[in-house]
Novice: 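Below: one structure in structure tokens.
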There are 2 protein chains.
Amino acid sequence: MFSKACEYGIKSTIYIAEQSIDGKRVSIKEVTKAINSPEAYTSKILQQLKKNEIISSDKGPGGGFSIDNITMEKITLKDIVYSFDGDKIYKGCGLGLNQCNAVRPCPVHHEFAIIRDGLTRLLEETTIKSLALQLQGGLSFLKA
Amino acid sequence: MFSKACEYGIKSTIYIAEQSIDGKRVSIKEVTKAINSPEAYTSKILQQLKKNEIISSDKGPGGGFSIDNITMEKITLKDIVYSFDGDKIYKGCGLGLNQCNAVRPCPVHHEFAIIRDGLTRLLEETTIKSLALQLQGGLSFLKA
DNA sequence: TTATTAGGGGACAATATTGTCCATTATTAT
DNA sequence: ATAATAATGGACAATATTGTCCCCTAATAA
Ligand code: FES
Ligand code: FES
């Protein structure tokens with residue numbers, strides 16, 4: 001469904017948001033521990049999230065990654081997925097045709113488009129803050 | 001969504017079925033022309049489809065690939081997807097946790113599971129024959 | 001100013017996926 | 001039998017993705 005990079009990106013962002021709600025900045029080590037991911041690779045992921053203005057970072061002692069409250073309310077899963085996997089999941093053809101086109105549909109277009117649009121809505125409507133709050137409430141988990 | 005191999009597998013199968021309805025066997029070259037795919041690679045795909053008893057093949061002049069009528073009514077998209085991509089799309093966690101588990105859900109589990117189950121139903125219920133007939137009727141297309 | 005802390009970035013390595021090449025085998029028709 | 005046809009199979013190559021290593025830069029505190 002999503003690339004590994006995107007999965008790490010989503011999980012990292014949710015974790016950072018959860019900690020930011022408590023006013024805590026987190027280091028890369030804390031992130032990788034929380035989401036069970038390779039450290040150096042996750043570091044690249046976080047850099048990309050920063051470039052896309054999804055998270056913030058501060059160097060030096062007391063530094064780390066964070067997300068301000070306004071951003072975590074504004075950013076949705078769609079923004080993160082778009083950063084890593086582009087828009088093929090929203091717009092791409094399920095059978096890999098150059099472009100999805102209702103007037104020249106592939107054999108699965110009609111059925112597939114419904115699923116895909118449902119997924120798009122979900123990703124658009126789910127904010128990072130809502131996911132972070134669920135996590136904080138012990139209603140969801142970031143690793144097995 | 002699906003691997004390239006799986007996409008080629010689906011398209012090949014639908015095309016072969018369409019031709020089989022007309023009693024025609026098709027060669028690799030015809031398949032790759034119809035679905036616009038690399039020939040040697042598609043050849044591997046067809047071998048795998050054969051191993052999984054989704055299509056039949058016959059060597060020699062007059063030979064080629066085919067699907068008998070009973071099989072094309074029985075085989076669904078799910079069978080093909082399973083052959084190439086396994087069951088992660090049906091059972092896997094959207095955020096890549098080791099296993100999807102409702103009692104220890106990842107942050108997107110509840111929303112994601114609905115989408116995923118819808119996709120599963122779609123793949124289970126769609127037969128190759130139905131897709132082949134649509135294609136034959138000019139209602140869908142295998143390449144741009 | 002210096003030691004320490006923590007993110008940034010470049011090069012590289014491992015792995016998986018996608019794709020190619022070429023020789024072989026089986027089948028059919030002549 | 002022989003030639004032609006068409007799938008089969010193995011080795012290999014290209015590319016994309018995932019992951020690692022190591023040094024650099026910035027910030028803070030002592
Ligand atoms: S054309 Fe394939 S999904 Fe729309
Ligand atoms: S636990 Fe992630 S989708 Fe079910």
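Just so you know, these numbers use all the heavy atoms, side chains as well, and skip hydrogens, waters and symmetry mates. Predicted model only: the values in this text are computed from it and were never measured. Residue numbering restarts at 1 for every chain, and letters A, B, ... go by the order of the sequence lines.
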Novice: With side chains defined as the heavy atoms from C-beta onward, is the minimum distance between A:Ile16 and A:Met72 less than 4.5 Å?
Specialist: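 No, side chains not in contact.
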
Novice: Given D:dA7, D:dC21, C:dG19, identify the nucleotide with an atom nearest to the side chain of B:Ser57.
Specialist: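 Side chain of B:Ser57 sits closest to D:dA7.
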
Novice: Distance check: side-chain N/O of B:Ser27 vs OP1/OP2 of D:dT5, anything under 4.0 Å?
Specialist: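 For B:Ser27, the contact criterion (side-chain N or O under 4.0 Å from OP1 or OP2 of D:dT5) is not met.
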
Novice: Quick one: A:Phe65 CZ to C:dA6 C1', roughly how many Å, whole number?
Specialist: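 These atoms are roughly 8 Å apart.
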
Novice: For A:Lys59 and D:dC23, give me the distance from atom NZ to atom C1', rounded to whole Å.
Specialist: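 Answer to the nearest Å: 12 Å.
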
Novice: On DNA chain D, nearest-nucleotide positions of A:Phe2 versus A:Gly60: which is more 5'?
Specialist: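 On the 5' side of the pair lies A:Phe2.
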
Novice: Counting the atoms with a prime plus P, OP1 and OP2 as sugar-phosphate, which does B:Tyr8 contact under 4.0 Å by heavy atoms, base, sugar-phosphate, or nothing?
Specialist: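 Since only primed, P, OP1 and OP2 atoms lie under 4.0 Å of B:Tyr8, the category is sugar-phosphate.
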
Novice: To the nearest angstrom, how far is A:Tyr41 atom OH from C:dG10 atom P?
Specialist: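 Interatomic distance, OH of A:Tyr41 to P of C:dG10: 17 Å.
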
Novice: Can you say whether a donor on the side chain of A:Lys44 sits under 3.5 Å from an acceptor on the base of C:dG7, or the other way round?
Specialist: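 For A:Lys44, whose side chain was compared with the base of C:dG7, there is no donor-acceptor pair (under 3.5 Å).
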
Novice: Go nucleotide by nucleotide along DNA chain C from the 5' end; which of A:Lys51 and A:Pro61 gets its closest nucleotide reached first?
Specialist: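 Looking at DNA chain C, the more 5' nearest nucleotide goes with A:Pro61.
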
Novice: To the nearest angstrom, how far is A:Arg25 atom CZ from C:dA6 atom P?
Specialist: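 Rounded to whole Å, this separation is 12 Å.
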
Novice: For residues A:Leu77 and A:Leu131, determine if any side-chain heavy atom of one lies less than 4.5 Å from a side-chain heavy atom of the other.
Specialist: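 Side chain of A:Leu77 against side chain of A:Leu131, heavy atoms only: contact under 4.5 Å found.
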
Novice: Could you check how far CZ of B:Phe84 sits from C1' of C:dA16, rounded to whole Å?
Specialist: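 Distance check: B:Phe84 CZ to C:dA16 C1' gives 16 Å.
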
Novice: Does A:Val31 reach a base, just sugar-phosphate, or nothing at all? Heavy atoms under 4.0 Å.
Specialist: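 Answer is nothing: A:Val31 stays at 4.0 Å or more from every strand.
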
Novice: Among the nucleotides D:dT18, C:dG7, C:dT18, which one has an atom lying closest to any side-chain atom of B:Ser3?
Specialist: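 Among D:dT18, C:dG7, C:dT18, the one nearest the side chain of B:Ser3 is C:dT18.
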
Novice: Toward the 5' end of DNA chain C, which comes first, B:Thr42 or A:Lys50, by nearest nucleotide?
Specialist: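 Per heavy-atom nearest nucleotide, the more 5' residue is A:Lys50.
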
Novice: Spell out yes or no: do the side chain of A:Lys29 and the base of C:dG7 have one donor N/O and one acceptor N/O closer than 3.5 Å?
Specialist: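 No, no donor-acceptor pair under 3.5 Å.
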
Novice: In terms of side-chain heavy atoms, does B:Thr71 have a donor or acceptor partner in B:Asp68 at a distance below 3.5 Å?
Specialist: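 Judged by distance alone, the side chains do pair up.
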
Novice: Tell me whether the rings of A:Tyr41 and A:Tyr8 are parallel (<30°), tilted (30 to 60°) or perpendicular (>60°).
Specialist: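 The rings of A:Tyr41 and A:Tyr8 stand perpendicular, inter-plane angle above 60°.
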
Novice: Take atom CD1 of B:Ile35 and atom C1' of C:dG19, then tell me their distance rounded to the nearest Å.
Specialist: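 After rounding, the gap between these two atoms is 14 Å.
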
Novice: Do side-chain atoms of A:Arg116 reach the backbone of A:Tyr90 as a donor and acceptor pair under 3.5 angstrom?
Specialist: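 Between the backbone of A:Tyr90 and the side chain of A:Arg116 there is a qualifying donor-acceptor contact (under 3.5 Å).
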
Novice: Taking atom P of D:dT17 as reference, at what distance in whole Å does atom NZ of A:Lys4 sit?
Specialist: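 Computing the A:Lys4:NZ to D:dT17:P distance gives 15 Å.
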
Novice: Answer with base, sugar-phosphate or nothing: what part of the nucleic acid does A:Leu46 contact at a heavy-atom distance below 4.0 Å?
Specialist: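 Contact class for A:Leu46: none.
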
Novice: Using a 4.0 Å heavy-atom cut-off, does A:Ser43 contact any base of the nucleic acid, only the sugar-phosphate backbone, or nothing at all?
Specialist: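 It contacts nothing in the nucleic acid.
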
Novice: Please check if any side-chain donor atom of B:Lys129 sits under 3.5 Å from a side-chain acceptor atom of B:Asn69, or the reverse.
Specialist: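 Yes, because at least one side-chain N or O of B:Lys129 sits under 3.5 Å from a partner of the opposite role on B:Asn69.
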
Novice: Please report the distance, rounded to the nearest Å, between CG in A:Asp85 and P in D:dA16.
Specialist: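 That distance rounds to 15 Å.
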
Novice: Would you say a side-chain N or O of A:Gln47 is under 4.0 Å from OP1 or OP2 of C:dG7?
Specialist: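 For C:dG7, neither OP1 nor OP2 has a side-chain N or O of A:Gln47 closer than 4.0 Å.
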
